[in-house]
Amino acid sequence: MCAILGNEHEYNGLLPLTANRPLSTLYFDCKYRIMDFALSSAVNANIRTVYMILNEGRVKSVFDHVGGGREWGLDSIGSYQYLGFYQDILRKKAEGKPYFNDMIGFLEKAKSEYTVFFGNKMLCNVDLRSILDVHQANGAKITVVFKRVPKEKIAPDDCILTLTEDNRVQKTDIFSELEDNQELYNLSMSIFLVKTDWLLDLLHKGQNAGAPASVQDLLNREMTRVKTRAYEYTGYLSNIHDIKSYYDANMDMLDPEHFNALLFSSQKVITRTKNEVATHFYDKTKVKRSQFATGCIIKGEVEHSLISRRTVIEEDAVVRDSVIMSNANIKRGATIQYAIFDKNVEVEAGVRIKGTPENPVVITKGSHVVADIYGGEK
Amino acid sequence: MKNEMLAMILAGGKGTRLGKLTQNIAKPAVPFGGRYRIIDFTLSNCVNSGIKNIGVVTQYQPLILNDHIGNGASWGLDGLDSGATILQPYSNNEGSKWFEGTAHAIYQNIDYIDSMDPEYLLVLSGDHIYKMDYEDMLSKHKKNNAALSVAVIDVPWEEASRFGIMNTDENDRIIEFEEKPENPKSNHASMGIYIFTWARLREVLLNGFKKDVDMYDFGKNVIPFYIKSGDNVHAYHFEGYWKDVGTIDSLWTTNMEFIDNEGDLNVRDKSWPIYSKNPIAPPQFITSAANVKNSMIVDGCFISGEIDHSILAANVQVKEGSVVKDSVVMTGASIGKNVTIKRAIIGENAIIGDGAVIDGKEEIAVVGNSEVLGVMINEG
């Protein structure tokens, strides 16, 4: 198998967190990036050839994170990583040129019998080998992975599947266009498994017939045109498309059940390793129900929060119900509740930052906060 | 200096005085500070000093050490003109070749050293916790036009008789070496760190072994020989943090000091990073039942007990009702419910059953690597 990681879709609801990075390199649970989950699923299934579709101008964080791919074993002989740009595909399409040739070249070079496509926002830990087994047995052209979820877990543009009793895809709908109210919906997780030859044929024909430039959109369309089977995923899933869903997904990790299901399953989740000292808890710390990456210095109080690498929380500072990305410096007596800190935030002594569970306050990368911030109203 | 100096780390020692902790691993591989193995400090010092090629001589129980070092990538030694090379004992037509001393280990690896063709050879032990700029030592070595430079640290006079003592003249030239002298004349203790001008050492070793002159040990044989034959031997004075963690007591004490006075070693200094092979593990989880104070904890830990003044390495689990105080818990150890651990070192992957009490009131308690304690095994 080889893998294509599609990153074409970005969500305004995630701004400002995605102002300078693609959704897939958003931080998650103190030390991961969202793409780690798809990439780990891929390498856990022995995939060593990966193609990433990125948006122009948003590659720095991807390179920074994946680098040569050492942690994922993507740097050894026979492995192959390749990047393509969505804008390049759009431009070629607008100019009437063949726009999938780059991807076709990758697939031909990868010489894998099967190709798996991942969208960017579904945080999950799938076992591709068992999906491949099902795909080989069911004789379908496409096997799509789905999960039954309530409507709160769905973004307006998500694809909802209508299935037959034996899990054949009968119909697909955009969620926002559905009128009936169901308890659970079959949410497509935008993970597709197909035969590479079939995909090559689809891309060749598609680019001559004005097919959608987004492979994800193209595969969504094909589900009702060719025989498609759905594979039900029963593990942990978060559908990250706005600030609230991002916040909730992180907070889910403070529930040991979700944490274990996602991060201690038989499939190891790989991320970039860093050299850091152990996190140091001082004399007067009060820490409850929280997670920490390494390299932190904790002197204050932390409750129900996720603290990333190299964060300093000084004496009498209080952090509750918050997601703190790396390298924050929270000074004496500052209090923070219901907030998301992007990287490198500094909060002056005594400053109060408070949001609500529904609308956590987002502090942008590199901010130096000197005055109180109360958020929550829309 | 870059490639003009090759480093050889003698990492074959057993560390007998560490008892159970070195039953299945070599001393340089013993964990320290929750995040490191002892040899990380020496390896990081090399890399930070601009040394690009390092030979690591292993012998006693090398499996974990070899796995830890690998190709040196964790220290950035996997580049085009750099490398970490594990050197193990081997046999040839002349018979088996266990390393019989520090100098003998170098002699046995002359082929490797020749292939690197260095001008200077840095010989290190991999047994100590310290930060040192070997580049500075080399520049002094060159300035002194020395054949051999020995790093020394001034120890308290009352302890001097436990060390190899270098007696120097007013120009810091070493004029006498005494191994553990009863009445020391100076307090300059050898740190077991040597820079040799390689051409001369090569000659001395080859001659010695050819003519059956004992050249097995640097302290006992080689340094006295250099002094006797009029070679220019200089002391390089080192000041700062330098700890031998070769006993249970010193390993425990040094870890405890690491919590109290992290600053002495200044491991957070970005200009002199200490690298290690880091496992990939999820963030540590401190649950609602936990109480954590004065402690250092790393990734993969799952803590529901009370942790006070202790160091917990990766993937340690402490269940509810347990108390860990003044202790070091190494990677992967699992501590059940209502356990009491005080003044102890718990080895890697040890399993401590519910309700167990481990109290090192008299002397530091040690649970060995993978040892299972207080777990009822139902054989019915």
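These values consider heavy atoms only, across backbone and side chains, with no hydrogens, waters or symmetry-generated copies. Labels below follow one simple rule: chain letters A, B, ... track the order of the sequence lines, proteins then strands, and each chain is numbered from 1. Here the structure is a predicted model, which means the values were calculated and not measured.
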Going by heavy atoms in the side chains, are Asp308(B) and Phe281(A) under 4.5 Å from each other?
no
Between CD1 of Ile286(B) and CZ of Arg289(A), what distance do you get to the nearest 0.5 Å?
13.5 Å
For Lys337(B), I'd like to know if atom NZ has over 12 heavy atoms of other residues, nucleotides or ligands within 6.0 Å.
no
Ranking Gln284(B), Arg35(B), Met296(B) by heavy-atom pairs under 4.5 Å to chain A gives rank one to Gln284(B)
Please report the closest heavy-atom contact between Ile280(B) and Val269(A), naming both atoms and the distance.
CG2-O, 3.6 Å
Please state whether the side chain, the backbone, both or neither of Arg310(A) comes within less than 4.5 Å of a heavy atom of chain B.
side chain
Looking at CG of Asp255(A) and CZ of Phe285(B), how far apart are the two atoms once the value is rounded to the nearest 0.5 Å?
7.5 Å
Check each atom of Arg70(A) against the heavy atoms of chain B and say whether the ones under 4.5 Å are side chain, backbone, both or neither.
side chain
What is the minimum heavy-atom distance between Thr285(A) and Lys293(B), and which atoms define it?
O-NZ, 3.2 Å
Given heavy-atom pairs under 4.5 angstrom as the criterion, report whether the side chain, backbone, both or neither of Lys274(A) touches chain B.
backbone
Atom pair CG/OG of Leu254(A) and Ser288(B) - distance to nearest 0.5 Å
9.0 Å
Nearest non-hydrogen partners of Lys288(A) and Ala290(B), listed with the distance
NZ-O, 2.6 Å
Enter the distance from Lys286(A):NZ to Asn291(B):CG here, rounded to the nearest 0.5 Å.
10.0 Å
Under a 4.5 Å cutoff for heavy-atom pairs, which residue among Phe292(A), Phe264(A), Tyr282(A) has the most contacts with chain B?
Phe292(A)
Select, from Val292(B), Ile303(B), Asp299(B), the one with the greatest count of heavy-atom pairs under 4.5 Å involving chain A.
Asp299(B)
Based on non-hydrogen pairs under 4.5 Å, which of Gly33(B), Ala73(B), Cys301(B), Gly34(B) is most in contact with chain A?
Ala73(B)
Work out which heavy atom in Pro282(B) is nearest to a heavy atom in Lys31(A); give both atom names and the distance.
C-CD, 4.0 Å
Arg268(B) to Gly295(A) - nearest heavy-atom pair and separation
NH1-O, 3.1 Å
Given side chains that start at C-beta, do those of Glu276(A) and Asn278(B) come closer than 4.5 Å, heavy atoms only?
no
Determine whether more than 12 heavy atoms belonging to other residues, nucleotides or ligands lie under 6.0 Å from atom NZ of Lys147(A).
yes
Between Pro283(B) and Asp29(A), is any pair of side-chain heavy atoms under 4.5 Å apart?
yes
Decide yes or no for Ile274(B) and Asn275(A): does some side-chain heavy atom of the first lie under 4.5 Å from some side-chain heavy atom of the second?
no
Please name the pair of heavy atoms, one in Ala278(A) and one in Val298(B), separated by the smallest distance, quoted to 0.1 Å.
CB-CG1, 3.2 Å
State, yes or no, whether a side-chain contact exists between His280(A) and Ile259(B) at a heavy-atom distance under 4.5 Å.
yes
Indicate yes or no: at least one non-hydrogen side-chain atom of Ile297(B) is less than 4.5 angstrom from one of Thr279(A).
no
